[in-house]
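Counting from 1, the numbers follow the sequence of the chain as shown. Computed from a predicted model, the values in this text were never measured in an experiment.
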Amino acid sequence: MKLIPSFQVDHTEIIPGIYESRVDTLGDEFITTFDIRMKIPNKEPVIHPNAMHTIEHIVATFLRNHEEWKDRIIYWGPMGCLTGCYLIVKGRPTPSDILPLMTEAFEYCSEYSNEVPGANPKNCGNYILHDLNMAKWESKKFADILKTNPCFEYPTQKRIETESGKVFYDS
């Protein structure tokens with residue numbers, strides 16, 4: 001089975017940033033998936049599930065209400081590894097096009113002081129799994145990275161290629 005593109009990214013070299021994970025087409029439209037990487041994989045502690053759940057609720061609500069972007073947002077949600085989130089949008093914006101939106105979203109989350117949107121038994125499947133203070137702390141840390149030193153280019157793994165053109169993949 002062929003390795004999917006997100007597993008071909010060298011996770012030993014990736015740093016926090018905004019990366020184009022993949023571009024798909026649906027009819028005549030582009031759909032772009034962004035890797036919003038908040039932590040250095042396998043080196044930094046991951047985002048606690050309670051904080052990640054809160055970030056998911058606040059940022060999803062922010063994005064789906066953003067005047068300029070709300071009609072282009074398809075999905076916002078956490079990565080299983082808890083080192084970041086995926087953002088899926090209509091169109092073909094670049095990571096640098098998304099930078100102002102993500103900076104604004106994480107600044108918003110870092111300053112959020114109301115009840116977490118949808119954090120109740122009627123609207124959420126695990127409404128007690130939230131931590132607003134940690135979500136704010138993680139969001140501020142990431143917003144500061146986006147404002148000072150954003151990274152947009154994935155480090156890719158080098159594959160061994162034979163003279164005959166065969167490429168070797170990880171198992």
Side-chain angles (χ1 to χ4, degrees), residues 4-22 32-70 72-89 93-156:
I4 62 173
S6 63
F7 294 151
Q8 294 180 35
V9 174
D10 187 346
H11 284 71
T12 66
E13 299 294 328
I14 198 166
I15 61 173
I18 301 171
Y19 304 96
E20 181 183 278
S21 180
R22 60 183 290 155
T32 305
T33 302
F34 291 97
D35 171 336
I36 310 300
R37 191 66 63 144
M38 299 171 66
K39 298 286 187 172
I40 299 173
N42 305 306
K43 292 183 183 172
E44 286 186 284
V46 299
I47 300 166
H48 191 278
N50 296 39
M52 183 61 91
H53 192 199
T54 303
I55 290 167
E56 175 195 9
H57 276 235
I58 294 170
V59 173
T61 301
F62 174 84
L63 293 172
R64 293 181 191 287
N65 284 283
H66 192 278
E67 197 56 43
E68 181 183 345
W69 285 92
K70 65 183 176 185
R72 295 178 67 185
I73 303 300
I74 294 173
Y75 174 79
W76 169 262
M79 295 176 178
C81 62
L82 300 175
T83 62
C85 295
Y86 286 110
L87 170 66
I88 304 175
V89 299
T94 65
S96 58
D97 293 335
I98 295 295
L99 177 62
L101 176 66
M102 288 292 95
T103 303
E104 189 180 351
F106 281 95
E107 284 180 331
Y108 177 82
C109 191
S110 74
E111 297 167 2
Y112 193 82
S113 61
N114 297 318
E115 285 187 30
V116 176
N120 63 68
K122 287 186 178 183
N123 301 123
C124 181
N126 195 355
Y127 76 98
I128 59 173
L129 185 77
H130 285 280
D131 186 336
L132 180 57
N133 288 329
M134 278 308 296
K136 290 169 72 166
W137 187 84
E138 293 285 8
S139 294
K140 180 171 183 352
K141 185 176 175 187
F142 188 58
D144 289 346
I145 290 168
L146 293 178
K147 290 187 280 188
T148 60
N149 193 24
C151 186
F152 301 130
E153 191 169 323
Y154 263 146
T156 54

Point to revise | With sequence neighbours excluded, residues passing salt bridge (charged side-chain N to carboxylate O under 4.0 Å, His left out) with Glu107 | key: Lys147
**Study point:** Partners passing side chain to side chain contact (heavy atoms under 4.5 Å, CB included) against Leu82 (at least two apart in sequence or in another chain)
**Key:** Val46, Pro49, Met52
**Study point:** Sequence neighbours excluded, every pair satisfying side-chain hydrogen bond (donor to acceptor under 3.5 Å, both in side chains) that has a member inside residues 32-42
**Key:** Asp35-Arg37, Asp35-Tyr154, Arg37-Thr83, Lys39-Glu138
Practice item. Please state whether the rings of His130 and His53 are parallel, tilted or perpendicular, taking 30° and 60° as the class boundaries. Key: parallel
Study note, to complete from the structure: The reported gap from CZ in Arg64 to CH2 in Trp76 (rounded to nearest 0.5 angstrom) is 11.0 Å
Check your understanding: Among pairs that include at least one residue of residues 41-58, which meet salt bridge (Lys or Arg N to Asp or Glu O under 4.0 Å), considering only residues two or more places apart or in two chains?
Key -> Glu44-Lys141
Practice item. Could you grab the distance from atom CD1 of Ile55 to atom CE of Met134, nearest 0.5 Å is fine? Key: 8.5 Å
Exercise for review: Walk me through it: do Ile18 and Leu87 pass the test side chain to side chain contact (heavy atoms under 4.5 Å, CB included)?
Suggested key: CA-CA 10 Å; Ile18 301 171; Leu87 170 66; over 6 Å; no
Check your understanding: Hey, what do you get for SG (Cys109) to CG (Leu132), rounding to the nearest 0.5 Å?
Key -> 7.5 Å
Review point. In chain order, what residues pass the ring-ring contact (aromatic ring centres under 6.0 Å, His included) check against Tyr112, with sequence neighbours excluded?
Key: Tyr108
Practice item. Please identify each residue that fulfils ring-ring contact (aromatic ring centres under 6.0 Å, His included) with Phe34, with sequence neighbours left out. Key: none
Check your understanding: Counting only N and O atoms by type, is there a donor-acceptor contact under 3.5 Å from the side chain of Thr54 to the main-chain atoms of Asp131?
Key -> yes
**Study point:** Stepwise side chain to side chain contact (heavy atoms under 4.5 Å, CB included) test for His11 and Cys81
**Key:** CA-CA 11 Å; His11 284 71; Cys81 62; over 6 Å; no
Check your understanding: side-chain hydrogen bond (donor to acceptor under 3.5 Å, both in side chains) with Ser96: which residues, sequence neighbours excluded?
Key -> Thr94
Check your understanding: For Lys70, which residues count as a side chain to side chain contact (heavy atoms under 4.5 Å, CB included) partner, sequence neighbours excluded?
Key -> Glu67
Donor-acceptor pairs are to be reported for all side-chain atoms of residues 115-122 against protein atoms at under 3.5 Å, with residues two or more places apart or in another chain.
unit_1 : atom_1 : unit_2 : atom_2 : d
Asn120 : OD1    : Lys122 : N      : 3.0
Asn120 : OD1    : Asn123 : N      : 3.0
Asn120 : ND2    : Asn123 : OD1    : 2.6

Check your understanding: side chain to side chain contact (heavy atoms under 4.5 Å, CB included) with Arg72: which residues, sequence neighbours excluded?
Key -> Trp69, Lys90, Pro93
Check your understanding: CD1 of Ile98 to CG of Leu146: how many Å apart, nearest 0.5 Å?
Key -> 11.5 Å
